[in-house]
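Values below: every heavy atom of this structure, side chains too, minus hydrogens, waters and symmetry copies.
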Amino acid sequence: MAKILLVEDNEMNRDMLGRRLQRRGFEVLIAVDGAEAVAMAEREGPDLILMDMSLPVMDGWEATRRLKTAPETGAIPVIALTAHAMSGDREKAIEAGCDDYDTKPIEFTRLLGKIETLLNRPE
Amino acid sequence: MNAIIGYSEMLMEEVEDLGQDDFIPDLKKIHTAGKHLLSLINDVLDLSKIEAGKMDLHFESFEVTAMIDDVAATIAPLVAQKGNRLELRRAEGLGVLRADLTKLRQALFNLLGNACKFTENGVVTLSVAREKTEGTDWLRFDVSDTGIGISPEQIQKLFQAFSQADAATAQKYGGTGLGLVISRRFCQMMGGDITVESTPGQGSTFTIRLPAGGVRKPAPTPPAAEKRVEALMPPEGVPTVLVIDDDPAARELMQRFLAQQGLHMVGAASGEEGLRLARELRPAVILLDALMPGIDGWAVLTALKADPELCPIPVIMATILDEPQLGFALGATEYLTKPIDRPYLARLLKKYRCAHPPCPVLVVEDQPDQRALMRRMLEQDGWAVIEAENGRVALERVAENLPELIVLDLMMPEMDGFEFLEALRRQEGRCAIPIVVVTAKDLGAEDRERLNGYVRTIVQKGAYGRDELLRELGDRIADCLGRGT
């Protein structure tokens, strides 16, 4: 089953999204800041990363840039999650190397659709 | 909100898996209420930002056709929900529009969302055209539906905050009643507007018009100098209301409103100008905006109230902040609770000492031993004490000899502290005397308001829609002028 790295500093959001993904049969790895996310992605090689953009230590923008420029992790699809539909966030996310983008509060079915599209994408 | 919406969604999935379907309707209610609350919070935040002048526009140039296609694709699921069909009519050569893309999209989603909400098995049409009037290029977006329509009475209320066409509608169709207000403000900020035409039972058309070149709302040109002087002279027997507000739109609005009330209005765009005009014109009432660049409203209030000639003029503060406490403090009415903390009293009174002591202080207190105690304390600090045993006597003493300061007990027989204050505040030249209230009880909000005789009312701008705000201000002004509405 696909392995998803969930990067989220808010415990409640992590718990909700993590549990719901597990219920759908995904293996869920957790990172609580950008630095941890980069390290874990290198070590565990997840199939997809869900990245909250406002994170402590290293924010999601920077973490995504690092992931995407490193040869070991560059191919892992990243979905950016931002707190609100700010104008330009989508462009900013794509520019940072994210493959897709969604806003919080999470609409789970919609996010699930995006996850599945990216996982089934031909390499 | 995230947690309420998220966990209720999770529970719905879980109870479904467990086969406990009877929980689902209740969980759904929590989920729906959560989502409603979230949109209400977002709307209220938007609206208060607009009211506070903190809503920034980000102008950019974009292809109208591409934007429309994107909007149509996003709204498609909502259109389908009630069996409606979306028709797109895009004129040729729409070209480029310079506007705040996010805010225009929000306005279009709002209009389209409303159209879908109030239409069943019908057609929602979005027509876009470019037109030229008065030498300006405009983009025009018409959102028409074949829904229930809106009556002329309902249309009047349509653009007011917190009012849907009627309460029953709100119950049936949901929504916060703020979306349309916000959308319209956005369009106005971009130099355009939203208008509506509707026939009950047949449908409605909402129209957004925006200048294609992107104009921020231009400030109205100031009237010529001669015209101003003329405008300052009030017609015979008509009370003058001085409106001090830096926002020209707000002054213009008040101008129209006060004219309807048969009142003469003089506007001031800054605190400095306001103070000058107050001295020149001696208005019957002053309407004061709290937030202004330069001298702000609170500083103007302080200046007005420190001037013996201007202090009897009732002031109505209009503010978007909840600052009645500040108004109280500015009333210069300090208050102490018994038993009196001696060093605190000394410190407090120091700032009221006149240039050449002994300074006359009037002690208004019904209990002889309390009065004697107070006299001792004050005389040690170099005050010349005059005594009064109740409010009525105190008024007589004030008439005989103007004190520098009044120390006032609130609970007294015959005329209590509140009544005394009210009587004193009405007297010209006497309302500027600083007053220290001494009280045995903790003052409640109502007491504070009564003591706060300097500010008649603080009207909170954000709490009202435009028309309600005007009505509220009208009532307060009528109170100040001593006539009913």
**Message:** Run the side chain to side chain contact (heavy atoms under 4.5 Å, CB included) test on Asp17(B) and Arg23(A) for me, step by step, so that the C-alpha distance in whole Å, both residues' side-chain angles and the decisive distance to 0.1 Å come before the verdict.
**Reply:** CA-CA 10 Å; Asp17(B) 286 1; Arg23(A) 286 168 51 78; 2.7 Å; yes

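In this structure, the separation between CD on Glu14(B) and CZ on Arg19(A) is 5.5 Å, given to the nearest 0.5 Å. Rounding to the nearest 0.5 angstrom, the gap separating the OG1 atom in Thr109(A) from the CD atom in Glu9(B) is 6.5 Å. The line from CD of Glu13(B) to CZ of Phe108(A) is 6.0 Å long, rounded to the nearest 0.5 Å.
Within a 6.0 Å radius of CD in Gln22(A), other residues, nucleotides and ligands contribute more than 12 heavy atoms. Heavy atoms of other residues, nucleotides or ligands lying less than 6.0 angstrom from CD of Glu11(A) number 12 at most. More than 12 heavy atoms of other residues, nucleotides or ligands sit less than 6.0 Å from atom CZ of Phe62(B).
There is no contact between Leu101(B) and chain A, counting heavy-atom distances below 4.5 Å.
Between chain B and the options Met12(A), Arg20(A), Glu107(A), the largest number of non-hydrogen pairs under 4.5 Å is found for Arg20(A).
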